[in-house]
Amino acid sequence: MARRKTEERRGQPADPCTLVIFGASGDLGKRKLFPALLNLKRGGLLRDELAVVGLATSEMTSEAFRERLTEDLRTFAPEDVDSDLWKWLAGRVSYTPGNFRSPEAYERLAEALKAAGEAHGTGGNVLFYLATPPEFFGDIADGIHAAGLAAEPPGSWRRLIIEKPFGHDHDSARELNARLRRAFEERQIYRIDHYLGKETVQNLMVFRFANGIFEPIWNRRYIDHVQITVAETVGVEQRGRYYEQAGALRDMVPNHLLQLLALTAMEPPSSFEAESVRDEKGKVLRAIQPLTPEEVLVRTVRGQYGPGTDPAHPAAAYRAESRVAPDSNTETYVALRLGVDNWRWADVPFYLRTGKRLPCQHTEVSIAFRRPPHRLFEGTEVGVMTPNVLVLHMQPDEGISLSFQAKVPGPVVRTGNVEMDFNYADYFGRTPSTGYETLLYDCMCGDATLFQRADSVEDGWSVVAPILDVWKALPPRTFPNYPAGSWGPREADELLARDGRAWRHITD
Ligand code: BG6
């Protein structure tokens, strides 16, 4: 089915379809996917012609699965579940037990799809959602393909959604992409970066390209540097086994942080069609200067949290977390200085930082503008002026603020730093969202704009590859090097101080 233009379909219910969730009894289903379906239904964006087939290894009947989900949603759904809506959805949910690696599972799935299609009039449209550990991605895609379920019956679509990690480095990502493409065509594959499901992340494009005033100054002539911060207060929680292999760099940078960078730095696309947007983002990723081994040493910082120092908020060291080696060298913090080699951004540093157990949960992109060219106030009390900073706040509060200088009232010429603030909730209120509504809806409508194409996944890995190589060759000697609850290692401040800059001061 041809991709419909965003403007044409907004507000229309998505296509009829059967959603197959592999790994249906896991966390993602109860916390995000089922609550997101309920929110979509509430917003009138799902048709009655919808069915959900859960597939997982536990032996269970459909009825038992529905009962379990009812309980789980009570505990894990981010909002209270509306019982009428849940009744509507539960009536469309069935379950098929199966081992992801056994052909029988796919035979049973084919039967379940037929039954769901007949019972709920979903036609031949099927969305396969892989909510499983990544080691199953390739096998499941093969299984679907071998059972003939990836092929699109005339007039229907078949799509596959997968979520990161897409491999653990450039080569494994390429292999995975190649394997997925043996089972599905690229246009059928929807790779989720859940950051792109966040409203304010999507708003970055609207902010830049739907407002005439910013684009003329969105370049090296006016912008001094860009900072991207994704700070988390949580530690690794129960994910030690995965995190030990991944670390902060793999976990956050090639995907979430680089997607934020790409949206901030990309050229205006010629349209909001998926391919135009993805082409422009791809150009930015490919323009990021590859770091030489020497540059890795001076432009990257890694850290690992030790125990917290505030007795009011005791926090264990990373090495004391469950499923973490007591002498682990895995980084839980990373800061980078990257450059984008193109006409618009030459010589404008992009500083990226992300870490666990930082003082507050906060995601933002901040654009620091150059100082005014003529220091009119030199020699007065106003001699040192803070440059303008535009901050796009993404979480927890969504909004935009611009700081600028204003005269402090009184006979002495003094300036103060003031802020113009726009807060999303003040204008638009709060809409219940898990962050998955738009992604599921877009996929059901065939709009791939917010999903990562194979090349962008591989480009992301290319950016971090030299860092992974150098870090592997030179194990860290100072871990743990920041206390839980602090803003990361001292070296991260030095990274900017060497350039005469500082990280933006972020408070709760
Ligand atoms: C995930 C990472 O992709 O993103 C996690 O694997 C991280 O380690 C999470 O905590 C952050 O997402 P959010 O939406 O909470 O900012």
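Just the heavy atoms: all of them, side chains too, but no hydrogens, waters or symmetry mates, feed the values below. When a ligand or atom number is given, it counts from 1 through the structure's own listing order.
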Exercise. Can you say whether the rings of His256 and Tyr195 are parallel (under 30°), tilted (30 to 60°) or perpendicular (over 60°)?
Worked result: parallel
Exercise. Can you list, by chain and residue number, every protein residue with a non-hydrogen atom closer than 4.0 Å to ligand 1?
Worked result: Lys164, His194, Tyr195, Lys198, Glu232, Arg239, Asp251, Met252, His256, Lys356, Gln395
For this session: Could you walk me through whether Asp142 and Arg101 pass the salt bridge (Lys or Arg N to Asp or Glu O under 4.0 Å) test, one step at a time?
Result: CA-CA 9 Å; Asp142 288 349; Arg101 294 197 165 116; over 6 Å; no
Seminar exercise, completed: Exactly one of Leu50, Asp82, Leu46, Leu40 clears side chain to side chain contact (heavy atoms under 4.5 Å, CB included) with Leu89, and that residue is Leu50
For this session: Measure up the Trp218 and Phe214 rings against each other and bin them: parallel (under 30°), tilted (30 to 60°), perpendicular (over 60°).
Result: perpendicular
Exercise. Mind checking whether Tyr436 and Tyr129 have parallel, tilted or perpendicular rings, split at 30° and 60°?
Worked result: tilted
For this session: Locate the shortest heavy-atom distance separating Cys17 from Met444; write the atom from each residue and the value.
Result: SG-CG, 3.9 Å
